[in-house]
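These notes are about the structure you will find just below.
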Amino acid sequence: MHKKTIAICSVAALVMMPGAAVSGPDDDSLTINDEISIVTEVEAPAHAENLSTIYSGWRFRSDETQAFQMDDFDNPGMIGVENAMVDWETVDGTEGKSCESCHGAPEDMAGVRAVYPKWNEEKGKVTTLEMEVNNCRETRMGAEKWKYTGGDMTDMVALISSVSRGMPVNVAVDGPAKSTWEQGKELYYTRTGQLELSCANCHEDSYGMMIRADHLSQGQINGFPTYRLKNTKLNSVHARFKGCVRDTRAETYKPGSPEFVALELYVATRGNGLSVEGPSVRN
Amino acid sequence: MKHATIGFTAMLTASSAFAEAVKPTDVVFVDGAVETSLSGVAGDPASGAEIMNKGAGNCIACHQVSALSHLAFHGEIGPPLDGVADRWTVPELRGIVANAKVMFDGSLMPSFYRTEGFIRLGDAYTGEAHGDGEVQPLLTAQQVEDVVAFLVTLKEQ
């Protein structure tokens with residue numbers, strides 16, 4: 001493990017602490033369970049025109065927080081994955097089916113997380129993983145929908161993400177999703193609320209800097225769902241968006257709303273090339 | 001008409017006790033600066049220092065201030081404010097705090113004494129819509145004056 005590097009880094013951080021601020025991402029590298037290597041830094045995709053390099057949020061967290069994600073036994077987000085494994089094989093609804101009945105093992109979902117949100121031809125719109133899960137529950141299982149940001153749902157998304165860890169995010173920008181992507185981009189650059197701050201103000205103009213006690217990352221979503229030490233649970237992408245918009249003293253959009261789906265699509269594509277990392281650990 | 005006269009007299013009486021604050025929509029900016037006090041009452045630097053730290057001010061979320069180094073976590077989004085009184089006059093500091101976007105086009109700094117022109121204005125930090133009620137500025141006129149009174153103490157020369 002990287003325990004030694006961690007120890008050295010924290011001493012350096014302590015020495016720097018008084019007054020001086022940490023800037024930029026750190027230099028640590030992430031390998032999970034000594035076998036899944038995670039790309040946390042890569043050249044920005046061309047459509048993220050104001051960034052030259054993209055970084056996983058992991059690179060902006062303290063060594064202590066980072067360490068939680070290096071081994072599944074230490075990653076509290078894996079409890080959600082285990083819960084979802086039970087749901088995966090549990091029959092629910094009028095059709096007498098479980099996820100497993102149609103999809104086999106969870107590992108058969110490898111690669112899926114990496115390409116979502118994605119254009120759904122049948123629905124004629126871009127859908128998120130959460131929407132696909134509920135679509136299966138309602139139309140294929142005859143089961144009740146899960147709440148968009150609820151525990152069952154977020155655990156299931158964590159399970160589906162976990163089997164894609166290490167694969168590059170590769171969400172399509174062009175094609176039929178393009179207009180949704182444009183809408184998401186518009187939202188990303190809109191300064192909302194009484195503080196008049198956009199996603200870009202914090203995560204593009206100011207990443208690497210401190211905003212009060214928080215070290216701003218690029219706001220990438222390759223690590224979602226994220227287990228946050230702050231609220232000790234797995235958090236979904238839309239719950240995080242909601243929190244960030246609320247912090248600008250704005251009226252937020254609703255989780256699962258067309259606006260947040262568009263924003264998720266856009267933000268996901270800004271992370272094309274980083275590894276799928278969820279469930280990750282953040283503070 | 002009679003009512004109006006009575007109202008006017010009442011207002012005059014009131015203003016002899018408390019100075020009338022300039023409304024956020026009536027503030028006059030000249031090159032980003034605001035010449036006259038917003039509250040008409042001298043600012044209190046001690047109260048200004050408090051506002052720098054918390055509540056709707058929370059200036060140190062973005063700025064480092066050595067005079068407030070006893071407080072934890074100063075941000076880095078804006079420039080450090082040490083010596084700011086050497087760089088700016090009182091009217092300029094008032095203008096920056098009231099609405100920094102007049103002085104610095106497109107600034108990341110919030111407009112602390114403005115009530116109009118927001119997109120999806122929320123009800124404080126609830127995430128809910130603001131609704132039809134009157135919009136309060138982030139800081140009151142007196143709070144702006146208090147913050148300015150604190151900033152004036154930040155001299156290096």
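FYI, side chains are in, hydrogens and waters are out, and symmetry mates aren't considered; it's all heavy atoms of this structure.
- Heavy-atom contacts from other residues, nucleotides or ligands closer than 6.0 Å to CG of A:D27 number 12 or fewer.
- Scanning residues 77-106 of chain B against chain A with a 4.5 Å heavy-atom cutoff picks out B:I77, B:K101, B:G106, ordered by number.
- Here the straight-line distance linking atom CD1 of B:I60 with atom CD1 of A:I211 works out to 12.5 Å at 0.5 Å rounding.
- The candidate from B:P110, B:C62, B:A56 with the greatest count of non-hydrogen atom pairs under 4.5 Å with chain A is B:P110.
- Here salt bridge (charged side-chain N to carboxylate O under 4.0 Å, His left out) pairs that include residues 23-51 of chain B, with residues two or more places apart or in two chains, are B:E50-B:K54.
- Of all residues spanning residues 145-153 of chain A, none has a heavy atom less than 4.5 Å away from chain B's heavy atoms.
- Contacts of A:D214 with chain B are absent, with no heavy-atom separation under 4.5 Å from either backbone or side chain.
- Taking 4.5 Å as the limit, some side-chain heavy atom of A:E196 sits within range of a side-chain heavy atom of B:S111.
- Of the two parts of A:T190, only the side chain, counted from C-beta on, holds a non-hydrogen atom closer than 4.5 Å to a non-hydrogen atom of chain B.
- Within a 6.0 Å sphere centred on NZ of A:K178, heavy atoms belonging to other residues, nucleotides or ligands number more than 12.
- Contacts with chain A (heavy atom to heavy atom, under 4.5 Å) involve these residues of residues 116-146 of chain B, listed by number: B:G117, B:F118, B:I119, B:R120, B:L121, B:G122, B:A124, B:Y125, B:T126, B:G127, B:E128, B:A129, B:V135, B:Q136, B:P137, B:L138.
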